[in-house]
Amino acid sequence: MKKIAIITKNTTFNKYFGGLEIHTKSLIDRLAESGFEIHIFAPLRELKNDTISDGNKKYFFIDAEYRTGFFSDFFSNNWFHGLLNFFNKKHLENNYELVISVSSAAYPILSKKRDYNFKILTISHGSALSEFSSIFNESGISFSLFRNLPYVLYNYFWKQKNFINSSDLIITVSNFVRNSLINETGVD
């Protein structure tokens with residue numbers, strides 16, 4: 001049975017979820033129904049169990065904090081290192097053929113792509129500038145806007161472009177997101 005890893009920021013098991021998590025669950029269910037063994041990696045957050053199994057779907061919840069911010073990768077319990085360490089162990093056991101990144105959740109793995117022998121498919125739900133625009137539209141000129149500015153600039157000028165260039169295939173959820181990514185990264 002072929003094994004696929006899906007990396008996401010949140011799941012429908014978590015307390016707060018929305019469209020991204022529902023979309024991801026549909027994808028997981030569809031792939032599992034097609035006969036693939038699916039391993040899902042997500043932050044533990046408020047959940048009590050670190051694994052949940054359901055047929056050929058297995059969820060691994062990693063006790064690492066998923067933060068966005070300019071210095072977030074430097075926190076001791078951060079997603080970057082937590083995912084990378086846990087995923088590497090699981091990949092050695094399972095030899096994944098495909099990794100699907102929901103938004104930028106798999107950035108730690110993409111940053112080390114040269115170390116792996118699988119393809120990485122990214123499903124993009126937004127872009128750096130569209131996320132910043134959403135913050136502005138919600139709060140106007142505010143502390144939140146200025147607090148997020150360094151991360152947005154880092155994401156826009158560095159992280160997003162590397163993320164897109166490292167993916168083997170990118171699927172966008174809309175033409176708007178596709179055009180935004182092309183305009184912001186220069187990658188077509």
Side-chain angles (χ1 to χ4, degrees), residues 2-11 20-21 23-24 27-28 31 38-45 50 58-132 135 147-173 177-178 180-188:
K2 291 185 178 183
K3 295 180 181 179
I4 297 173
I6 297 178
I7 299 157
T8 187
K9 313 177 203 194
N10 208 24
T11 70
L20 181 135
E21 293 80 14
H23 167 265
T24 303
L27 173 66
I28 292 165
L31 289 170
I38 311 298
H39 290 180
I40 302 95
F41 298 83
L44 182 63
R45 299 190 191 274
D50 62 0
K58 188 164 188 176
Y59 289 79
F60 297 103
F61 296 101
I62 302 164
D63 188 14
E65 194 168 336
Y66 193 98
R67 287 184 176 192
T68 56
F70 190 67
F71 297 106
S72 61
D73 293 347
F74 300 107
F75 289 96
S76 61
N77 188 28
N78 67 53
W79 179 247
F80 190 95
H81 299 293
L83 172 65
L84 207 51
N85 292 334
F86 189 83
F87 178 84
N88 285 337
K89 291 174 193 168
K90 290 299 176 186
H91 179 54
L92 285 174
E93 294 170 12
N94 295 285
N95 196 27
Y96 299 114
E97 295 183 39
L98 175 67
V99 170
I100 299 174
S101 178
V102 179
S103 290
S104 60
Y107 181 72
I109 292 163
L110 280 159
S111 70
K112 305 283 185 189
K113 185 173 184 242
R114 67 188 174 282
D115 298 339
Y116 301 114
N117 61 345
F118 49 69
K119 299 291 184 188
I120 299 177
L121 180 147
T122 296
I123 302 170
S124 182
H125 290 259
S127 70
L129 289 184
S130 63
E131 288 181 27
F132 189 68
I135 294 168
R147 187 185 72 216
N148 286 296
L149 186 58
Y151 177 70
V152 170
L153 294 173
Y154 164 68
N155 200 12
Y156 178 77
F157 287 109
W158 174 254
K159 190 175 181 180
Q160 179 176 251
K161 190 169 192 167
N162 286 339
F163 185 75
I164 295 301
N165 283 326
S166 298
S167 298
D168 293 296
L169 179 66
I170 299 137
I171 297 173
T172 59
V173 297
V177 172
R178 179 185 180 278
S180 294
L181 286 175
I182 290 170
N183 291 335
E184 292 176 29
T185 64
V187 177
D188 191 7

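Each of Phe41, Phe80, Tyr107 was scored for a ring pair (Phe, Tyr, Trp, His ring centres under 6.0 Å) with Phe87, with one residue passing: Phe41. Among Lys2, Lys3, His39, the one residue that satisfies the side chain to side chain donor-acceptor pair (under 3.5 Å) test with Tyr96 is His39. A side chain to side chain contact (heavy atoms under 4.5 Å, CB included) with Ile100 holds for exactly one of Leu31, Leu169, Ile28, Ile120; it is Leu31.
The shortest distance between side-chain heavy atoms of Val102 and Asn10 does not fall below 4.5 Å. By the 4.5 Å heavy-atom criterion applied to side chains, Thr24 and Thr11 are not counted as neighbours. The closest side-chain heavy-atom distance from Val99 to Tyr116 is not below 4.5 Å. Phe118 is listed as a side-chain neighbour of Ile109, based on a closest heavy-atom distance under 4.5 Å.
Considering OG1 of Thr172 and CD1 of Ile164, their distance stands at 9.5 Å, rounded to 0.5 Å. Note that OG1 of Thr185 is 10.5 Å distant from CG of Asn162, once rounded to the nearest 0.5 Å. Here Arg178 contributes atom CZ and Ser124 contributes atom OG; the two are 12.0 Å apart, rounded to the nearest 0.5 Å. A distance of 9.0 Å separates NZ of Lys9 from CD of Glu21, quoted to the nearest 0.5 Å.
Remark: Pro43 engages Arg45, Tyr66, Trp79 in a side chain to side chain contact (heavy atoms under 4.5 Å, CB included) (not counting sequence neighbours). For Lys58, there are no side chain to side chain donor-acceptor pair (under 3.5 Å) partners at least two apart in sequence or on another chain. Applying the side chain to side chain donor-acceptor pair (under 3.5 Å) criterion to Asp63, with sequence neighbours excluded, gives no partner residue. By the side chain to side chain contact (heavy atoms under 4.5 Å, CB included) test, Ser167 is found to be paired with Leu110, Thr122, Ile170, residues two or more places apart in sequence or in another chain being considered. By the salt bridge (charged side-chain N to carboxylate O under 4.0 Å, His left out) test, Asp168 is found to be paired with Lys113, residues two or more places apart in sequence or in another chain being considered. Remark: Lys119 pairs with no residue by the salt bridge (charged side-chain N to carboxylate O under 4.0 Å, His left out) rule, at least two apart or across chains. Every residue two or more places apart in sequence or in another chain was checked for a side chain to side chain donor-acceptor pair (under 3.5 Å) with Thr8, and none qualifies. Asp115 is linked by a side chain to side chain contact (heavy atoms under 4.5 Å, CB included) to Lys112, counting only residues two or more places apart in sequence or in another chain.
Residues Leu84 and Pro108 share a closest heavy-atom pair of CD1-O, 3.5 Å. A pairwise comparison of heavy atoms in Ala105 and Ser101 identifies N-OG, 3.8 Å as the closest pair. The two atoms that bring Ile123 and Leu121 nearest to each other are CG1-CD2, 3.7 Å, heavy atoms only.
Counting only residues at least two apart or in different chains, salt bridge (charged side-chain N to carboxylate O under 4.0 Å, His left out) contacts with residues 78-105 comprise Lys90-Glu93.
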Please test Ser103 against Leu20 for side chain to side chain contact (heavy atoms under 4.5 Å, CB included), starting from the C-alpha separation and ending with a verdict. CA-CA 9 Å; Ser103 290; Leu20 181 135; 3.6 Å; yes
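Formation of a donor-acceptor pair under 3.5 Å by the His125 side chain with backbone atoms of Val173 is not found in this model.
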